[in-house]
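Below is one structure, written out as structure tokens; comments come after it.
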Amino acid sequence: QVQLVESGGGSVQAGGSLRLACAASASGYTASETCMGWFRQAPGKEREGVAVIYAGGDLTYYADSVKGRFTISQGNAKRTLYLQMNGLKPEDTAMYYCAAQPYCYRLRKSSNEYTYWGQGTQVTVSS
């Protein structure tokens, strides 16, 4: 079992920055073989992948809409996930979710490839 708790959401004006954090607590899995990622869902839209990371291969993926603005990273023990969001736009407004998939063995980009989810943190960007 993996428990994920997100923090760091809030309201900012366009062009501003926020840093999301996700603390993972679990037993019986190897953090270096786990995929972790950030997904978001806006009202009336499907959940979409924002950025994911696979520590085992030191691999990352970013959605085209956030490339160059967002940066995904992990803490030293790879049990904390961060998302640094710069240059925020109104279209980034959504509920942001942290997700984890132990023993993923390769980079996983789709939400249906993740088993464990946090409760979400709201990000609102005003123009």
Side-chain angles (χ1 to χ4, degrees):
Q1 288 289 333
V2 180
Q3 292 79 44
L4 303 171
V5 179
E6 301 103 331
S7 61
S11 298
V12 296
Q13 291 191 329
S17 298
L18 284 173
R19 190 190 196 205
L20 306 184
C22 172
S25 58
S27 60
Y29 85 102
T30 303
S32 62
E33 291 298 332
T34 296
C35 290
M36 295 189 75
W38 291 98
F39 295 79
R40 67 186 181 188
Q41 188 166 19
K45 294 188 176 181
E46 292 187 354
R47 189 169 296 189
E48 63 173 349
V50 176
V52 299
I53 188 166
Y54 170 43
D58 196 22
L59 300 172
T60 58
Y61 159 82
Y62 293 93
D64 288 342
S65 58
V66 307
K67 281 181 183 176
R69 300 188 297 122
F70 292 9
T71 302
I72 191 170
S73 62
Q74 291 180 292
N76 287 340
K78 303 192 187 305
R79 289 180 181 260
T80 305
L81 184 70
Y82 301 101
L83 185 68
Q84 179 66 44
M85 305 186 293
N86 299 327
L88 283 161
K89 304 176 181 179
E91 51 264 43
D92 294 318
T93 295
M95 184 72 79
Y96 283 69
Y97 297 90
C98 173
Q101 181 56 46
Y103 303 109
C104 59
Y105 300 118
R106 61 174 176 85
L107 196 62
R108 307 282 179 172
K109 303 176 185 178
S110 175
S111 61
N112 60 17
E113 297 181 287
Y114 287 78
T115 300
Y116 300 101
W117 293 84
Q119 80 287 352
T121 186
Q122 178 68 37
V123 172
T124 302
V125 185
S126 57
S127 58

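In this structure Ser7 satisfies the side chain to side chain contact (heavy atoms under 4.5 Å, CB included) test together with Ala21, sequence neighbours excluded. The side chain to side chain donor-acceptor pair (under 3.5 Å) test applied to Glu91 returns no partner, not counting sequence neighbours. The side chain to side chain contact (heavy atoms under 4.5 Å, CB included) search around Lys45 returns Ala42, not counting sequence neighbours. Partners of Leu59 under the side chain to side chain contact (heavy atoms under 4.5 Å, CB included) rule, at least two apart in sequence or in another chain, are Tyr54, Leu107. The side chain to side chain contact (heavy atoms under 4.5 Å, CB included) test applied to Val125 returns Val12, Ala14, Leu88, Pro90, Asp92, Thr93, Val123, not counting sequence neighbours. For Phe39, the ring pair (Phe, Tyr, Trp, His ring centres under 6.0 Å) partners two or more places apart in sequence, or in a different chain, are Tyr114, Trp117.
When hydrophobic clusters are built by joining Ile, Leu, Val, Met, Phe, Trp and Tyr residues whose side-chain heavy atoms come closer than 4.5 Å, directly or via intermediates, Tyr97 is not grouped with Leu83. Cluster membership for Leu81 and Met85, using ILVMFWY side-chain heavy atoms within less than 4.5 angstrom, is shared. Leu20 and Tyr61 fall into different hydrophobic clusters, where Ile, Leu, Val, Met, Phe, Trp and Tyr side chains are chained together by heavy-atom contacts under 4.5 Å. Residues Ile53 and Tyr96 share a single hydrophobic cluster, defined by chaining ILVMFWY side chains whose heavy atoms lie under 4.5 Å apart.
A salt bridge (charged side-chain N to carboxylate O under 4.0 Å, His left out) check over residues 51-65, counting only residues at least two apart or in different chains, returns the pairs Asp64-Lys67. A side-chain hydrogen bond (donor to acceptor under 3.5 Å, both in side chains) check over residues 10-19, counting only residues at least two apart or in different chains, returns the pairs Ser17-Asn86. Counting only residues at least two apart or on different chains, the disulfide (SG to SG under 2.5 Å) pairs with a member in residues 32-89 are Cys35-Cys104. Among residue pairs with one or both ends in residues 109-127, those qualifying as salt bridge (charged side-chain N to carboxylate O under 4.0 Å, His left out) are Arg106-Glu113, Arg108-Glu113; sequence neighbours excluded. Residue pairs meeting the salt bridge (charged side-chain N to carboxylate O under 4.0 Å, His left out) criterion with at least one member in residues 1-18: none, sequence neighbours excluded.
By the 4.5 Å heavy-atom criterion applied to side chains, Val66 and Arg40 are counted as neighbours.
Atom CD of Glu46 has 12 or fewer neighbouring heavy atoms from other residues, nucleotides or ligands inside a 6.0 Å radius.
Pairing each heavy atom of Arg69 with each of Gly87, the nearest pair is NH1-O, 2.9 Å. When all heavy atoms are compared, the tightest approach of Leu4 to Ala24 is CD2-CB, 3.6 Å. Counting all heavy atoms, side chain and backbone alike, Gly49 lies closest to Ala63 at O-CB, 3.4 Å. Nearest heavy-atom pair, Gln122 versus Ala94, reported as atom, atom and distance to 0.1 Å: NE2-O, 3.4 Å.
Here the side chain of Tyr62 pairs no donor or acceptor atom with the backbone of Gly68 at under 3.5 angstrom.
Distance check, rounded to the nearest 0.5 Å: OG1 of Thr121 to CE of Met95 gives 7.5 Å. Note: Gln119 CD to Cys98 SG = 9.0 Å, rounded to the nearest 0.5 Å. Gln1 contributes atom CD, which lies 10.0 Å from atom OG of Ser25 (distance to the nearest 0.5 angstrom). To the nearest 0.5 angstrom, Phe70 atom CZ is 14.5 Å from Thr60 atom OG1. A distance of 8.5 Å separates CG of Leu18 from CD of Gln84, quoted to the nearest 0.5 Å. The CE atom of Met36 sits 11.0 Å away from the OG atom of Ser73 when rounded to the nearest 0.5 Å.
Counting side-chain heavy-atom gaps under 4.5 Å among Ile, Leu, Val, Met, Phe, Trp and Tyr, Tyr82 is found in no cluster with other residues.
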